[in-house]
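Quick notes on the structure that follows.
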Number of protein chains: 2
Amino acid sequence: MAITIYDVAREANVSMATVSRVLNGNPNVKPETRRKVKDVIERLNYKPNAVARGLASKKTKTVGVIIPDISDLYYSAVLRGLEDIAEMYQYQIIITNTDNDAKKEKNAFETLLSNQVDGIIFLGGTDDQKIIDNIQRSNTPVVVCGYSKETSINRVNANYRDAIARIVEGFIERGNKKIAYVQSGYHSVLETLLADKICEVLEEHNISKDNMFEFSANTYEEGIELFNKIHEIKADAVIAISDEVAGGILHGTLDMNVKVPEELEIISCSNTRIAYMMRPKLSTIAVPLYDIGAVGMRLLTKIMNNEEVDEKVTMLPLKINYAKTTRV
Amino acid sequence: MAITIYDVAREANVSMATVSRVLNGNPNVKPETRRKVKDVIERLNYKPNAVARGLASKKTKTVGVIIPDISDLYYSAVLRGLEDIAEMYQYQIIITNTDNDAKKEKNAFETLLSNQVDGIIFLGGTDDQKIIDNIQRSNTPVVVCGYSKETSINRVNANYRDAIARIVEGFIERGNKKIAYVQSGYHSVLETLLADKICEVLEEHNISKDNMFEFSANTYEEGIELFNKIHEIKADAVIAISDEVAGGILHGTLDMNVKVPEELEIISCSNTRIAYMMRPKLSTIAVPLYDIGAVGMRLLTKIMNNEEVDEKVTMLPLKINYAKTTRV
DNA sequence: TTGTAGGCGTTATCAT
DNA sequence: ATGATAACGCCTACAA
């Protein structure tokens, strides 16, 4: 049997209430008593039972993180940011993978609630209406790190659309006409919006939106294969959501002797470590992955703590890393 | 106020004990009653409070994972394996980053215990004696995914030493004499053992162990820099623990016009996705990262469930992926 | 400053 | 098959 607050109380000749007080830093304890209790705690190596605490106080000091795939560098980098801030505020993190499956997301959400987490963070955004409904109905604070069509949800994200616009304008200035846009296989709302943005910019410059070609690929290997198709349509620029896919496309060019960036410009939107491990180095939108996580978790701590929050939506600014796969 | 088992009991005209029985699949409930209760549960959208459950039953259906760095592809791949099996057995996962800091590891361990996790998994091994003591003292089952010098601890790992021996023998057969061995900066016991193994094989072949040169590097960039030193000592083969570092070294050779694998063979020991995203593709020990996690979690579920466990130590076999950075 | 007692939402042990 | 009732370990008024 593990040792409890009662044991400490008995050994220290005080009531359990007093032990609880010193445990929780309540100032209304005589310094002498505090010392005595602390000594006993140390001597018995007493550790409070967080579960009992959670039940009594209705605060578990635990936050749930719902993540599409933890082994994806993009998400694990964000998670690192989350984690560091969570540690700072003494929150434990419960994670759940969902593989972009709405059903699993819903399940994860409910499981976390039943675990009485103090808050929940969604990585990668949510489009599913059922989940959005759940979020809005729940009394548990939720922060989304990523895109959501629902504006009433707290979230932090980066301003992809602006960045994409700048990229496309650059392409046009450099005389590129045919743009291949490579989404993930999941076709999230954000990806669709970015496609629209590309078309929009093209048309602003009096270029038909038929010059944008949509593809999808999820892995490095699929990227390599995909290059053949991109080559066929004679695209002169590629915007790929994922670094890994962009890397695959890049290596596809090597096999076909297509010169990058002279004959084909490539840029990706993820900014994982993979981007600079390519030769030539991938140009990429400099998404502040770690910061998205850190800011998201900080926001959540504020909400959990009933602090004022200025804005529902935090948009982190985005720079573009022009490396070696673009002519600039 | 959230709805509780009492509310369900009242609405269904039964006692809370009966509701609890239905919830836990206790067969001693009249089918009719069960139906009635289930209906109410559904109607009220009742979800059991896992924290209260944990307090009463002393089982939280939660396992803690202590991990050096979640944003490291190596660990996140293992974690994916852990996660999938955990989900299968309905366990929640609490993660903590430690940055290879023994103090943080100890803290994490204690925090997890105070959270009453049913089991704990260490990723990356443990050398610190204090932590080993804690593990042995604790009543909570622990599984280490990685190396530990302590043989009484449950763990699953891969047989690196055999693989390393085969690699070095291959090098020797191909006439390589000078081997650069690149560790991480943490100098774990495993890394030291591998160094010893390399020396051992060299000496078995009557080659002085002075032909092994030790270096350390942690990142891709450090790998690039490190290549200069490797070049200076005229090594003809490199064994790097980390893929990323090996990738850096590989790219270092490009800058100096050193031909791989003709003039320098390179092999790494991590088997992350990065290995095959390099050009030329990195030869690597095919560590079954996902499996290490999956097997580790499966082992833990057995222990938590008081099932028989045949062996304390599970050694997964290791193949070697000879890709393009070795002459075989 | 300290102690008493009543929850928190379950599970689990007895009775019935 | 079902219902009381006592834990589980802690927090928190309220009282002293």
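Letters A, B, ... are given to chains in the order of the sequence lines, protein chains preceding strands, and every chain is numbered from 1.
Rounded to an integer number of Å, the gap from NZ of A:K59 to P of C:dC8 is 16 Å. The CG atom of A:N115 sits 20 Å away from the P atom of C:dC8 (whole-angstrom rounding). Put simply, CD1 on A:I3 is 14 Å from C1' on D:dC10, counting in whole angstrom units. If you measure from atom CD1 of B:I5 to atom C1' of D:dT5, you get 14 Å, rounded to the nearest angstrom. Separating the OH atom of A:Y6 from the P atom of D:dC10 is a distance of 9 Å, rounded to the nearest angstrom. For the pair B:M16 CE and D:dA6 P, the computed distance is 13 Å after rounding to whole Å.
Residues satisfying the side chain to side chain donor-acceptor pair (under 3.5 Å) criterion with A:R21, sequence neighbours excluded, are absent altogether. B:E307 meets the side chain to side chain donor-acceptor pair (under 3.5 Å) test with B:N305; sequence neighbours excluded.
Side chains of B:D69 and B:N97 form a contact here, defined as non-hydrogen atoms less than 4.5 Å apart. Using a 4.5 Å heavy-atom cutoff, the side chains of A:D291 and A:V156 are not in contact. A 4.5 Å side-chain heavy-atom check between B:T60 and B:N115 finds every atom pair outside the cut-off.
Near DNA chain D, defined here as any heavy-atom distance below 4.0 Å, the residues from residues 45-56 of chain B are B:L55, B:A56, listed numerically. Of the residues in residues 20-35 of chain A, those lying under 4.0 Å from DNA chain C by heavy-atom distance are A:R21, A:N28, A:V29, A:K30, A:T33.
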Taking only distance into account, with no hydrogens and no angle test, what donor-acceptor pairs under 3.5 Å do side-chain atoms of residues 44-55 of chain B form with protein atoms, sequence neighbours excluded?
from  : atom 1 : to    : atom 2 : distance (Å)
B:N49 : OD1    : B:V51 : N      : 2.7
B:N49 : OD1    : B:A52 : N      : 3.0

Item to complete: May I have the step-by-step check of side-chain contact (heavy atoms from CB on, under 4.5 Å) for B:I66 and B:L112, ending in yes or no?
Response: CA-CA 9 Å; B:I66 297 175; B:L112 289 174; 3.7 Å; yes
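Interatomic distance, CG of B:D128 versus OG of B:S188, reported as 13.0 Å (0.5 Å rounding).
Residue A:K104 qualifies as enclosed at atom NZ: its count of foreign heavy atoms under 6.0 Å is above 12.
Residues B:S152 and B:Q136 bring a donor and an acceptor atom of their side chains to less than 3.5 Å of each other. At a cut-off of 3.5 Å, with distance as the only test, a side-chain donor of B:R298 or B:Y89 sits close to an acceptor on the other residue.
Residue A:S15 places none of its side-chain N or O atoms closer than 4.0 Å to OP1 or OP2 of C:dT2.
Take the nearest nucleotide of DNA chain D for B:S57 and for B:V14: the residue whose nucleotide is more 5' is B:V14.
The nucleotide whose nearest atom lies closest to any side-chain atom of A:K58 is, among D:dA4, C:dG9, D:dC11, C:dG9.
Helix bend of the helix from C:dT1-D:dA16 to C:dT16-D:dA1: the angle between its two end axes, each built from five pairs, comes to 40° after rounding to 10°.
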